[in-house]
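For ligands, and for the atoms within them, numbers begin at 1 and follow the listed sequence. All values below were derived from every heavy atom in this structure, side-chain atoms included, with hydrogens, water molecules and symmetry-related copies excluded. Nothing fancy with the numbering, it's 1 onward along the sequence.
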Amino acid sequence: MEEFVALKRRKENFTIEKRGRPSDIKVGIFMPMPYNAALSSLFFQMAYTYINSLEGVIAYRYVFNLEEKRVEALDEKLSPRKLDLLLISLPFELDYVTTTYTLLHLNLLKRVKSSEKPIVVAGGIAPTANPLPLSDIVDAVVIGEAEEVLENLVYRAGEPSAIKAVSELSCVLTSSFNEVKRKCFVENLNKAPHPIHQFYSHEEEPVYGYGIRVEVSRGCPYLCAFCMESHVMYPFRYRDVTVLKEIIEKGVEFLKVRRAVLYSLSLFSVPSMDKLLNKLLEQGVEASVPSIRVEHATRERLELIKALGQRTLTIAPETLLQAHSCKIGKCYMVDSLLESLSYAYKIGFNHVKLYLITGFPGVSVEEELKHFENFISSLKSIRRRDFVEITLNPLIPKPWTPYQFLPPMSVLKNRHTLEQYKRIAKGGNVKLITLDVEWAFAQAVIALGDKSVSKLIIEWALNGIGLKGFKKALQLASNEVKNYVKNGWRDPPWYRCVDLGIPKLYLDLRARYLSAL
Ligand code: SF4
């Protein structure tokens with residue numbers, strides 16, 4: 001079992017030299033993803049520094065090597081079994097499978113664990129929305145944002161009856177998930193700690209490249225109907241430009257890389273963002289900008305983003321049907337999108353990536369495909385093949401969004417439509433990437449699951465972490481699972497354990513408006 005955890009120290013720019021004492025509370029931070037992806041998580045960066053700054057506590061980092069299918073310990077060859085607390089960051093539902101696979105190998109799965117320690121606690125956007133799928137897998141789930149609870153969680157994990165002590169915390173759900181916990185969130189982002197001393201290694205370039213990662217905002221004011229992130233992270237909060245400038249200046253100095261990777265669900269909704277970007281340009285700091293809304297992609301901004309060193313622009317229209325764009329929260333004019341694409345081409349971007357979704361209820365497939373065909377022909381003036389790269393996903397219904405009432409099975413209906421999109425794309429000069437409909441379906445099955453799906457996830461992990469394992473586990477799943485997969489929920493079970501502060505009436509009314517109920 002021990003070889004399942006291998007020590008793999010990289011030559012990093014920064015590690016914390018903290019001498020542990022036997023009495024210290026030992027906390028592991030596990031990211032169920034490879035090192036270069038884990039580095040881009042600000043939770044990983046923040047938690048490592050913050051936990052190590054606490055008196056009498058020591059933190060150890062772990063990542064998952066997908067090729068070798070085993071855990072890499074980054075600091076010491078210490079089995080997670082020897083810890084007091086294991087924190088697991090789970091931004092996406094499919095990470096549950098890797099996590100379960102890991103916990104099974106370590107004998108730390110809640111269902112088979114023989115002792116209380118280490119307490120295994122998960123957190124992140126997906127479990128905050130719906131912790132139920134993790135009920136047989138972990139001991140507890142943090143509902144909301146880590147900063148609000150981390151210190152108390154760590155010290156309580158050091159107590160003798162740790163699980164009971166942790167269960168008393170306001171936004172931590174333990175054991176059977178039989179009570180409702182309200183989400184914790186940081187009210188003033190300016191006062192929240194932001195990691196400056198970020199670790200990385202020259203041996204493995206981080207996803208999104210080198211540079212200081214900067215969390216500009218949390219949440220998003222648009223609350224698009226399909227977007228779980230914006231609903232879970234509601235309300236929209238941002239750091240003031242003066243605070244951001246300070247973070248970037250210190251980060252650039254510490255990392256010795258004049259580049260900032262900006263994180264925001266809606267960057268240009270942050271007041272004075274253009275001013276900040278112009279300032280960075282003046283100071284010779286490059287910036288990587290996340291995906292933006294169509295109406296935010298003005299000529300001036302495209303020039304600015306290009307001048308800041310970005311070679312690929314990402315825009316997220318999500319639908320090409322103008323009328324429907326307003327219904328889902330993405331109101332824009334297709335002509336403006338075409339104009340932005342031509343302008344991006346003219347000023348020398350290498351690529352533009354576009355995100356689209358198919359399968360919105362109430363939208364005819366024929367109409368959708370007709371618009372796609374027209375759109376592709378309108379791009380013919382852009383002479384470079386594959387300059388426009390479209391990622392097309394089927395609509396994946398998620399909890400706490402107006403589409404939460406759709407059954408997971410609805411995802412599979414898009415299989416044929418995706419094929420038709422591919423056929424049309426072949427006649428144009430765009431590159432079309434589609435998400436495998438089975439993976440999208442698996443995501444929906446977990447996202448919309450109740451406690452019964454926990455066993456399916458364990459069965460999946462026992463059969464390997466690929467799609468075959470999922471199909472086999474689904475065949476063996478209980479009738480409870482098969483029922484919601486086919487029919488969905490009218491009264492979603494996550495309402496009975498999580499309070500995100502989002503009115504249920506809003507979800508009902510908006511679902512009706514969108515023909516999703
Ligand atoms: S603009 Fe993007 S991040 Fe914001 S709600 Fe819409 S999809 Fe989500």
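- Under a 3.5 Å cut-off, the side chain of Asn190 and the backbone N or O of Val243 do not form any donor-acceptor pair.
- Between Arg490 and Asp508, at least one side-chain nitrogen of the basic residue sits less than 4.0 Å from a carboxylate oxygen of the acidic one, meeting the salt-bridge criterion.
- Proximity to Phe226 (heavy-atom distance under 4.0 Å) selects the following atoms of ligand 1: 7 (S).
- For the cysteines Cys326 and Cys331, the sulfur (SG) atoms lie within a distance shorter than 2.5 angstrom of each other.
- If you look at atom 6 (Fe) of ligand 1, the protein N, O or S atoms less than 2.8 Å from it are Cys224 SG.
- The backbone N or O of Thr312 sits less than 3.5 Å from a side-chain atom of Gln310, completing a donor-acceptor pair.
- Remark: aromatic rings of Tyr234 and Phe185 are distant, center separation not under 6.0 Å.
- The ring of Phe199 has its center closer than 6.0 angstrom to the ring center of Phe44.
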